[in-house]
Amino acid sequence: IDMWVLPLYSAATGIRFQHNKLLSLFRMMRLLRLVKLLRSLKRVQQLYDLAQAVLHATAALGWVLVLTVLFLYVFAIICTQLIGRGMALPDAMREDLERYIQHLQHKDNPTALALPVHPDDTDEVFFLQLYTFFGTVLDSMYTLFE
């Protein structure tokens with residue numbers, strides 16, 4: 001009633017209805033119809049069993065989601081340390097990566113390290129991609145999720 005009749009009545013007469021107790025009562029009556037429908041499911045055993053199975057499957061899917069996020073978090077930490085911090089790189093490249101990360105972190109500081117950034121330098125592009133995709137744990141989680 002409150003979704004179909006009252007807006008039509010309001011459009012026809014020009015009277016605007018505010019959200020009052022009457023509208024709340026109509027909404028409560030609509031919820032009671034839903035409860036009545038759920039109660040009638042118990043009469044048809046197959047429908048009731050199906051509804052119970054859906055509820056149990058939803059709970060299991062919640063645990064699957066928790067485990068997925070946990071695995072993503074663990075592997076993101078590993079990838080951040082190995083890739084983002086350069087532990088899997090040779091020593092010379094790891095030092096260059098650490099210098100590059102320091103430069104990125106102190107870029108706004110006027111007394112920052114003087115490190116030229118040239119987009120055509122393949123090492124710097126490589127370091128920028130490593131830091132962008134695996135620099136923090138959240139970046140690593142997002143990269144692994146993609």
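Since the model is a prediction, treat every value here as computed from it, not as a measurement. Side chains are part of it too, since the values below use all heavy atoms of this structure and drop only hydrogens, waters and symmetry mates.
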Check your understanding: Sequence neighbours excluded, which residues qualify as side-chain contact (heavy atoms from CB on, under 4.5 Å) partners of Gln45?
Key ->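 If we apply the side-chain contact (heavy atoms from CB on, under 4.5 Å) test to Gln45, skipping adjacent residues, the hits are Tyr48, Asp49.
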Donor-acceptor pairs are to be reported for all side-chain atoms of residues 136-144 against protein atoms at under 3.5 Å, with residues two or more places apart or in another chain.
residue: Thr136; atom: OG1; partner: Asp139; partner atom: N; Å: 3.1
residue: Thr136; atom: OG1; partner: Asp139; partner atom: OD2; Å: 3.0
residue: Ser140; atom: OG; partner: Thr80; partner atom: OG1; Å: 2.7
residue: Ser140; atom: OG; partner: Thr136; partner atom: O; Å: 3.1
residue: Tyr142; atom: OH; partner: Glu146; partner atom: OE2; Å: 3.0
residue: Thr143; atom: OG1; partner: Phe133; partner atom: O; Å: 2.8
residue: Thr143; atom: OG1; partner: Asp139; partner atom: O; Å: 2.9

Distance-only criterion, 3.5 Å: show the donor-acceptor pairs between side-chain atoms of residues 55-69 and protein atoms not counting sequence neighbours.
residue: Thr58; atom: OG1; partner: Val54; partner atom: O; Å: 2.7
residue: Thr68; atom: OG1; partner: Val64; partner atom: O; Å: 2.8

